[in-house]
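All remarks here apply to the structure that follows.
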Amino acid sequence: MSETSPRFVSRLTRDTLALILAGGRGARLHELTQRRTKPAVPFGGKFRIVDFPLSNCVNSGIRRIGVLTQYKAHSLILHIQKGWGFLRGEFGEFVELWPAQQRVTETAWYTGTADAVFQNLDIISNHDPAYILVLAGDHVYKMDYGAMIAHHVESGADMTVGCIEVDAARARDFGVMRVDAAGRVCAFVEKPAQPPTIPGRDDLALASMGIYVFNRDLLFDALVRDADTEGSAHDFGKDLIPLLVAGSRVMAYPFRDPLTGEQSYWRDVGTLDAFWEANLELIGVTPPLNLYDNSWPIWTYQEQLPPAKFVFDEDDRRGMAVDSMVSGGCIVSGAMVRHSLVFSSVRVNSYASVTDSVLLPNVQIGRHCRVRRAIVDRWCTLEEGARIGYDPDADRAAGYRVTASGITLVTPDMLGQQVGRV
Ligand code: ATP
């Protein structure tokens, strides 16, 4: 069988077990991850961040998936239980939740990302995959992992790391690597203070996307060695990958569009500014991430909700949303929504205006409220006449968080309000 034939790729994906790391808090999202882990944070009007790597797996033909959870996992667990039960067990397909449950010792939770995988080696071994695809559960992108696994096999790699070019100034948030002319990784440093740049391009660095393909035996061997290494943080980026780069064949896989050769869309929505921007980016006529692409659907759990409606209020003021995305169950009555992303079951009441904002599900915007450049968390009720995003000092004084670039975050806890399911 030719190595590029679709059947070759489908054999590889069927022989792959995907592990989605979904146990971290994502501390740089501050109060947005106070009650939920970052992979469970809502994104794009009706999804949660973890739906992106999960959908990529399913669309790539990888249908054996373990999701490793730890920090504040309740909403993530419910979401996956309710939304991801459609895979067919009869065909050996599954999405399983693997919470930290002290399988190896009775005293330790997952101490790092590598430890999270190490603690599940017996389950992984029972599934007997040839390849293990390890994915961060907290990035937004659409990617055919089949092409990456084929590249891994064709290049004779022991391990392959997905990579993307980022501004050198932002590179210290990522694992950064250096590669030789053949694409072999020759150095890897996690979140370096002085990120190495791409030769000839002082403004760019090659960052890890947190996507790794391993040959099974190599991963098992490296995890056992790492577990015995004193002083290790048991983290893929800090410990395991630098170790493998020194002794094994680690290849880089640049994430490019196969037709145009251009770098593909990938976002780490790890900060409030990045989260706000990535959500609003979805709105444009030709957004960098197209959610309306039937060939690569993003699967999710969706509640049964009526259509969004836009109505005249009792004073005959029209309710409108322009240059916006509005999800099911919303009602905009006698109010104006501009350039905003409105999640499910939001109410915007008369005389209110919402501009350049991200409203998470179940938000209520009272009459005469004015909201601008804000992220309003799930279950917030803004009382009549509230002003958000107009005066950073007033927002801070009210207990809201204002980022350096002037985005205001409001959560129910800041308003002293009860929350439902987050
Ligand atoms: P931040 O975004 O603030 O750096 P983080 O801990 O979520 O915080 P990373 O350390 O980059 O981010 O984690 C990469 C991925 O691994 C994320 O998807 C995260 O949820 C997950 N993760 C982090 N720590 C663990 C752990 N101990 N067990 C399982 N998954 C983890």
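Whatever order the structure lists ligands and atoms in, that order sets their numbers, starting from 1.
For the residue pair Thr411 and Asp413, no side-chain donor N or O sits within less than 3.5 Å of a side-chain acceptor on the partner. In this structure, a donor-acceptor pair under 3.5 Å is present between the side chains of Asp226 and His234. Side-chain contact of Trp296 with Asn56: a donor-acceptor pair under 3.5 Å is present, judged by distance alone. A donor-acceptor contact closer than 3.5 angstrom links the side chains of Asp273 and Thr403.
Nearest to atom 19 (C) of ligand 1 among the protein's heavy atoms is Gly24 N, 3.4 Å. Here the protein heavy atom with the shortest distance to atom 11 (O) of ligand 1 is Lys191 NZ, 3.7 Å. Of all protein heavy atoms, the one lying nearest to atom 17 (C) of ligand 1 is Asp138 OD2, 3.3 Å. For atom 13 (O) of ligand 1, the closest non-hydrogen atom of the protein is Thr113 CG2, 4.4 Å. Counting only heavy atoms of the protein, atom 7 (O) of ligand 1 lies nearest to Gly26 N, 3.1 Å. Distance from atom 2 (O) of ligand 1 to its nearest protein heavy atom, with residue and atom name: Arg28 NH2, 3.0 Å. In terms of protein heavy-atom proximity, atom 18 (O) of ligand 1 is closest to Leu21 O, 2.8 Å. Looking only at heavy atoms of the protein, atom 30 (N) of ligand 1 is closest to Gly23 N, 2.9 Å.
Between Leu68 and ligand 1, not a single N/O pair is under 3.5 Å apart.
The aromatic ring centroids of Tyr145 and His152 lie 6.0 Å or more from each other. Taking the six-membered ring for Trp and the full ring otherwise, the centers of Phe118 and Tyr110 sit at least 6.0 Å from each other. Residues Trp299 and Phe86 place their aromatic rings such that the two centres sit under 6.0 Å apart.
For the ligand labelled ligand 1, residue Gly210 lies outside the 4.0 Å heavy-atom shell. Heavy atoms of Ala27 come nearer than 4.0 angstrom to ligand 1 in at least one pair.
Contacts between Ala100 and ligand 1 below 4.0 angstrom, taking non-hydrogen atoms only, are absent altogether. With a 4.0 Å heavy-atom cut-off, ligand 1 is reached by the side chain of Gln70 but not by its N, CA, C or O.
Ion pair Arg256/Glu165 flagged as a salt bridge, since at least one NZ, NE, NH1 or NH2 atom sits closer than 4.0 Å to an Asp/Glu carboxylate oxygen.
Ligand-side atoms of ligand 1 in range of Ala116: 28 (N), 29 (C), range being under 4.0 angstrom from any heavy atom. Of all atoms in ligand 1, numbered sequentially from 1 with element shown, those under 4.0 Å from a heavy atom of Ala22 are 20 (O), 30 (N).
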* Determine, stepwise, if the pair Asp51 / Trp84 fulfils side-chain hydrogen bond (donor to acceptor under 3.5 Å, both in side chains). => CA-CA 9 Å; Asp51 290 326; Trp84 284 88; 3.1 Å; yes

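Ranked by closest heavy atom to atom 14 (C) of ligand 1, the top entry among Ala114, Ser208, Ala136, Gly270 is Ala136.
Of the inter-residue distances, the one linking Arg14 atom CZ with Glu93 atom CD reads 11.0 Å to the nearest 0.5 angstrom.
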